[in-house]
Amino acid sequence: MPGPHRRQPPVVVQSVTSAPESLAEEQAARIRRYLFTMGVRTACFILAAVTATQGAPWWVWGSFSVAAVLLPYIAVVMANAVRPRVAGRSNPVTPIVDHTRQIER
């Protein structure tokens, strides 16, 4: 049985104010980024079709076409990219140890 004055290693507790973003918030942000990118892709596809049929220079409708082809790849890569945990962002908190005698068995 340990004595009342035995030193115990400090317990490290994560501070709530320095906790990282929750998984649900991170996933929601990635979904929003994906949907925005695919919206831009849809606009590029429509603009490519409109500019090509209206006789715009080839580089105009070609640029929209290339963007419409490449944006799905970019959207998927960005949606699957998980942010790394930044070192030093969390601030450990050491709880105060209460040495008041407690009722024992």
Side-chain angles (χ1 to χ4, degrees):
M1 183 160 131
H5 299 290
R6 185 173 181 189
R7 305 257 323 158
Q8 304 231 349
V11 178
V12 178
V13 179
Q14 182 68 40
S15 172
V16 175
T17 58
S18 66
E21 182 179 35
S22 75
L23 179 60
E25 289 172 350
E26 181 186 12
Q27 286 177 341
R30 290 191 286 152
I31 289 171
R32 282 191 303 272
R33 251 191 333 260
Y34 176 80
L35 291 175
F36 176 78
T37 306
M38 291 307 285
V40 171
R41 185 251 183 174
T42 302
C44 286
F45 181 80
I46 292 169
L47 287 170
V50 169
T51 55
T53 58
Q54 297 301 315
W58 68 268
W59 61 269
V60 173
W61 59 264
S63 298
F64 287 129
S65 299
V66 168
V69 168
L70 293 179
L71 280 174
Y73 172 77
I74 293 169
V76 169
V77 169
M78 284 181 11
N80 289 330
V82 178
R83 293 184 193 152
R85 302 287 183 196
V86 180
R89 184 172 173 199
S90 61
N91 300 322
V93 176
T94 306
I96 300 172
V97 179
D98 183 10
H99 293 290
T100 308
R101 256 184 99 79
Q102 303 294 321
I103 298 174
E104 297 177 9
R105 291 186 189 192

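- Atom-to-atom distance recorded for Ile31:CD1 and Glu26:CD is 11.0 Å, nearest 0.5 angstrom.
- Rounded to the nearest 0.5 Å, atoms CE (Met78) and OH (Tyr73) are 12.5 Å apart.
- Rounded to the nearest 0.5 Å, atoms OH (Tyr34) and CG (Asn80) are 9.5 Å apart.
- Linking ILVMFWY residues whenever their side-chain heavy atoms come closer than 4.5 Å, directly or via other members, leaves Leu47 and Val66 in distinct clusters.
- Evaluation of the side chain to side chain contact (heavy atoms under 4.5 Å, CB included) rule for Ala56 yields Thr51, Val60 as partners, not counting sequence neighbours.
- Across all their heavy atoms, Ala67 and Cys44 have their closest contact at CB-SG, 3.8 Å.
- Judged by distance alone, with hydrogens and angles left aside, the side-chain atoms of Arg41 form no donor-acceptor pair with the main-chain N or O of Leu71 at under 3.5 Å.
- In terms of heavy-atom proximity, Met38 sits nearest to Ala75 at SD-CB, 3.9 Å.
- With rounding to the nearest 0.5 Å, the separation of OG in Ser63 from CH2 in Trp58 is 7.5 Å.
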